[in-house]
Amino acid sequence: MRVNDLSPAARAIRGSVCPHDCPSSCALEVEVLDGARIGRVHGAKANSYTAGVICEKVGRYAERIHHPDRLTRPLLRVGPKGAGQFRPIGWDEALDRIAERFLAVATRFGPEAVWPYYYAGTMGLVMRDGINRLRHVLRYSRQKKTICTGSAEAGWIAGTGRFVGPDPREMAKADLIVVWGGNPVSTQVNAMTHITRARQERGAPLIVVDCYKSPTAAVADRFLCLRPGTDAALACAVMHCAFRDGHADRDYLRRSTDFPADLEAHLAARGPLWAAAITGLSVEAIEEFARLYNTTKRAYIRVGYGFTRSRNGAAAMHAVTCLPAVTGAWAHEGGGAFWSNRSAYHWNKTMIEGLDALDKSTREIDMCLIGAALAGDARALKGGPPVAAMLIQNTNPAVVAPDSARVRQGLGREDLFTVVHEQFLTETARYADVVLPATMFLEHDDLYQAGGHSHIQIGPKLIAPPGECRSNHEVLQGLARRLGARHPGFEMSAMELLDWTLRASGWPDAKTVLEHHWVDAALPFQEAHFLDGFGTPDKKFHFAPDWSSAGSDWQRMPRLPDQWDIIDAATEDRPFRLVTSPARRFLNTSFTETLGSRAREKRPTALIHPDDAVRLGVADGDRVEIGNARGDVVVHARRFDGLLPGTVVVEGIWPSRDFEGGLGINTLVGDDPIPPFGGGAFHDTAVWLRRDGAPTR
Ligand SMILES: Nc1nc2c(c(=O)[nH]1)N[C@H]1C(S)=C(S)[C@@H](COP(=O)(O)OP(=O)(O)OC[C@H]3O[C@@H](n4cnc5c(=O)[nH]c(N)nc54)[C@H](O)[C@@H]3O)O[C@H]1N2
Ligand SMILES: Nc1nc2c(c(=O)[nH]1)N[C@H]1C(S)=C(S)[C@@H](COP(=O)(O)OP(=O)(O)OC[C@H]3O[C@@H](n4cnc5c(=O)[nH]c(N)nc54)[C@H](O)[C@@H]3O)O[C@H]1N2
Ligand code: SF4
Ligand SMILES: [Mo]
């Protein structure tokens with residue numbers, strides 16, 4: 001099926017979907033200039049969630065897709081690992097070499113020594129998840145997907161039992177909006193469209209809970225600035241006030257929740273005074289927030305990821321989801337909490353992921369432990385064979401994974417054979433033995449869901465790729481042929497795969513979706529608000545969750561919502577807590593290659609409270625070292641009064657080469673998994689900080 005056949009009036013403005021790892025999954029209108037180039041990109045006005053708005057970095061996507069540095073030919077390493085010295089080779093030679101090595105590794109160590117590794121550089125279901133088909137058919141090691149959603153998922157599912165929630169468009173009908181540990185102005189701008197409606201039409205205040213004055217906090221009516229990793233304390237205090245002041249909805253609690261007999265007594269000991277000491281907020285600010293929240297039925301909590309990226313992050317997420325269960329706000333239009341709609345899509349991914357070939361007895365390695373796994377750590381390897389070969393698509397682990405210095409050491413192993421399929425010569429690609437050039441979203445067909453709203457969309461191929469770029473699916477097809485991996489999914493085109501997936505999942509076929517631009521998979525009100533019951537086995541919200549069903553490391557989790565004392569707390573030697581918040585014009589490491597984004601983000605910068613700056617003798621623009629036992633990185637300082645003393649924020653996952661000394665920010669981030677499921681504790685790092693050249697304390 002060719003998309004051009006579907007819209008005969010081949011107009012210059014063509015529909016698409018933003019593929020990036022962002023809950024907004026914007027419906028796009030792309031100006032196609034000729035068969036190979038694009039102009040401006042706009043948000044589709046007719047899509048009720050996108051509503052004509054997209055972020056600036058995708059608005060100027062021409063800068064990324066037509067970038068002179070795009071990879072266009074397969075490359076073979078000719079210099080030392082990581083040096084980035086390559087020579088072009090043909091596709092057949094590249095794929096033959098890869099197949100030869102993968103077969104040799106499997107013969108020597110067993111198939112689990114091959115570890116395909118991927119993440120969400122594209123969110124297209126075919127191009128993102130297709131790598132699992134090769135994995136499953138050939139019994140390669142599995143990948144535990146922890147890097148982004150692991151802790152948030154475990155925390156959300158614990159109480160609610162299902163990844164759905166009140167329609168995000170309903171934010172426009174809320175009387176109070178709380179953005180908790182998220183920064184939508186930067187990370188999913190469309191949420192602001194619907195929040196702004198509520199503010200303008202209903203006078204609804206926006207409250208932001210964060211540990212620095214993010215661009216979202218800067219435009220909020222109230223900003224609760226707390227210490228990183230202390231959100232559960234704030235949540236407990238709000239619930240304490242609800243019971244104390246008679247704002248708990250006892251009918252709702254009895255009918256719709258497990259309402260543990262000791263919940264009230266538990267919370268009675270966790271009031272504003274207690275929470276103030278932990279969070280750094282004032283008692284008055286907590287009391288005021290609690291009163292506002294507890295007396296507003298149409299109170300919508302838009303939950304972000306930020307506060308789940310601490311070692312106690314899953315527990316904190318659960319604590320926050322408890323708030324609307326105490327007040328009964330879940331039952332009201334414009335009320336409740338929302339994190340992701342992923343359960344609303346009920347995909348049948350058999351064909352894309354080869355689930356019919358999946359054997360769960362094969363080894364599964366935690367993707368956040370890539371550094372440990374490549375170092376041969378037996379715990380990370382689950383006692384199995386070493387990782388001797390990797391195929392990497394859609395991710396840049398040399399920069400984004402925890403403990404990144406160790407990741408680089410591992411990728412530098414001479415006995416590791418690494419294939420990186422990429423759009424740019426990222427730092428991960430520089431470590432590859434074979435680099436393969438990848439298409440971008442406008443150069444292939446794919447299918448998209450949306451975490452932050454409810455639309456199913458298809459992004460069709462609109463332009464020809466540059467040079468010899470191939471899509472992820474085409475690479476998998478080429479490898480499957482050479483490796484003897486047989487599955488009907490390898491015989492289909494991307495459009496056929498997504499068409500099969502749509503039909504098998506109970507959605508309209510590809511032709512229909514393309515004609516209508518999108519399908520709105522929004523749940524009925526009753527279901528989205530859990531009025532027919534929550535997703536738990538007894539259909540009740542759980543204050544005392546069954547943590548064992550969310551992950552294996554559950555025994556030490558608090559039974560009831562609580563501030564869990566396992567963060568990387570500040571010490572005398574490491575008195576600062578580092579938070580690595582997202583940069584507005586980068587998307588993870590994507591767009592760090594575009595000059596427009598780089599010019600606006602300037603350089604890696606530590607935001608430091610003025611009191612701390614004075615104490616350390618740090619002036620604006622000074623070079624500062626931030627370090628801990630894992631290493632130290634050099635950045636420039638900027639005094640910033642939008643955070644608490646003791647907190648330091650470095651925005652963005654900058655390429656390591658942008659740091660003097662060449663070590664990126666994740667050098668400092670630890671890889672210990674977030675209980676109970678795992679996850680990267682990217683905002684939970686105790687560090688020392690000093691002016692460069694200042695004496696060591
Ligand atoms: N310090 C710190 N570290 C973090 C985070 C943080 O907040 N702070 N956030 C974490 C989170 S939430 C995440 S999700 C990860 C994300 O980290 P990554 O997964 O590395 O992030 P992306 O930049 O989205 O995508 C990676 C690469 O995918 C490539 N790509 C895009 N589309 C395609 C395609 O179709 N085919 C192929 N072959 N490649 C493609 C892009 O060129 C890009 O280089 O980072 C984590 N790391
Ligand atoms: N521009 C841009 N957009 C992006 C991304 C990007 O890098 N840049 N990344 C994409 C990806 S992969 C994801 S997963 C999403 C993530 O988007 P978000 O849900 O916004 O999550 P985070 O990036 O983790 O951090 C959000 C906010 O949480 C704050 N925070 C950190 N620790 C804590 C804490 O302990 N408590 C509280 N209350 N707040 C805390 C941070 O300071 C930050 O302002 O965004 C996506 N969109
Ligand atoms: S807001 Fe997110 S989904 Fe929308 S265009 Fe920007 S990166 Fe893409
Ligand atoms: Mo993410």
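Indexing begins at 1, ligand by ligand and atom by atom, following the structure's order. Computed over heavy atoms, backbone and side chain alike; hydrogens, waters and symmetry mates excluded.
Relative to the six-membered ring of Phe163, Arg342 meets both conditions, a distance below 6.0 Å and an angle of at most 45° to the axis. The side-chain tip of Lys144 points at the ring of Phe677 from less than 6.0 angstrom away and within 45° of straight on. Remark: Arg128 fails to qualify as a cation-pi partner of Tyr118 under the 6.0 Å distance and 45° angle criteria applied to the six-membered ring.
Distances from ligand 1 to the non-hydrogen atoms of Thr439 include at least one value under 4.0 Å. Residue contacts with ligand 1: Met440 is excluded, as none of its non-hydrogen atoms falls under 4.0 Å. Every heavy atom of Met127 sits 4.0 Å or more from the atoms of ligand 1.
If you number the atoms of ligand 1 from 1 as listed, the ones under 4.0 Å from a heavy atom of Glu422 come out as 27 (C), 28 (O), 29 (C), 41 (C), 42 (O), 43 (C), 44 (O). Those atoms of ligand 1 that come under 4.0 Å of a heavy atom in Thr426, given as number and element, are 44 (O). The His444 neighbourhood of ligand 1 comprises atoms 35 (O), with distances under 4.0 Å to a heavy atom of that residue. Heavy-atom contacts of Ile665 reach the following atoms of ligand 1: 1 (N) (cutoff under 4.0 Å). Those atoms of ligand 1 with a heavy atom of Asn666 less than 4.0 angstrom away are 1 (N), 2 (C), 3 (N). Listed by atom number, the atoms of ligand 1 under 4.0 Å from Ala438 heavy atoms are 36 (N), 37 (C), 38 (N). Interface atoms of ligand 1 facing Arg64, defined by a heavy-atom separation under 4.0 Å, are 41 (C), 42 (O). Residue Thr122 approaches ligand 1 through these ligand atoms, each under 4.0 Å from one of its heavy atoms: 31 (C), 32 (N), 34 (C), 35 (O).
Ring-plane geometry between Trp339 and Tyr305 is classed as perpendicular, the angle between the planes exceeding 60 degrees on a 0 to 90 degree scale with a lower cut at 30. Ring geometry, Tyr212 versus Phe640: the interplanar angle falls from 30° to 60°, so the pair is classed tilted. Between Tyr49 and His194, the ring-plane angle classifies as parallel under the 30° and 60° cut-offs. Between Trp518 and His455, the two ring planes are perpendicular [angle over 60°; tilted spans 30° to 60°].
Protein residues with any heavy atom under 4.0 Å from ligand 2: Asp21, Lys57, Cys148, Gly181, Gly182, Asn183, Ser186, Thr187, Val209, Asp210, Cys211, Tyr212, Ser214, Leu226, Pro228, Gly229, Asp231, Gly304, Tyr305, Gly306, Phe307, Arg309, Val579, Ser581, Pro582, Ala583, Arg584, Phe586, Leu587, Asn588, His683.
Salt bridge status for Lys45 with Glu29: absent, with no side-chain N to carboxylate O gap under 4.0 Å. One finds a salt bridge joining Arg70 and Glu443 here, because a Lys/Arg side-chain nitrogen approaches an Asp/Glu carboxylate oxygen to under 4.0 Å.
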Between Val400 and Phe682, is a side-chain contact (heavy atoms from CB on, under 4.5 Å) present by the stated rule, with each step listed? CA-CA 10 Å; Val400 304; Phe682 294 108; over 6 Å; no
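Within the model, atoms CH2 of Trp156 and OG of Ser151 stand 14.0 Å from one another, a figure rounded to the nearest 0.5 Å. Going from atom CD of Glu593 over to atom CZ of Arg64 covers 4.5 Å, rounded to the nearest 0.5 Å.
Taking 2.8 Å as the limit, the number of protein N, O or S atoms around atom 2 (Fe) of ligand 3 is 1.
Counting only heavy atoms from C-beta outward, the side chains of His20 and Tyr61 approach each other to under 4.5 Å.
The residue Glu443 has no part lying near ligand 1, judged by heavy-atom distances below 4.0 Å. In His421, the parts holding a heavy atom less than 4.0 Å from any atom of ligand 1 are both the side chain and the backbone. Contact annotation: for Asn472 versus ligand 1, heavy atoms closer than 4.0 Å belong to the side chain alone.
Residues Asn183 and Thr216 bring a donor and an acceptor atom of their side chains to less than 3.5 Å of each other.
Taking both residues in full, the closest heavy atoms of Ile278 and Thr230 are given as O-CG2, 3.4 Å, listed atom of the first, atom of the second, then distance.
In this structure, His517 places its NE2 atom where only 12 or fewer heavy-atom neighbours from other residues, nucleotides or ligands lie under 6.0 Å away.
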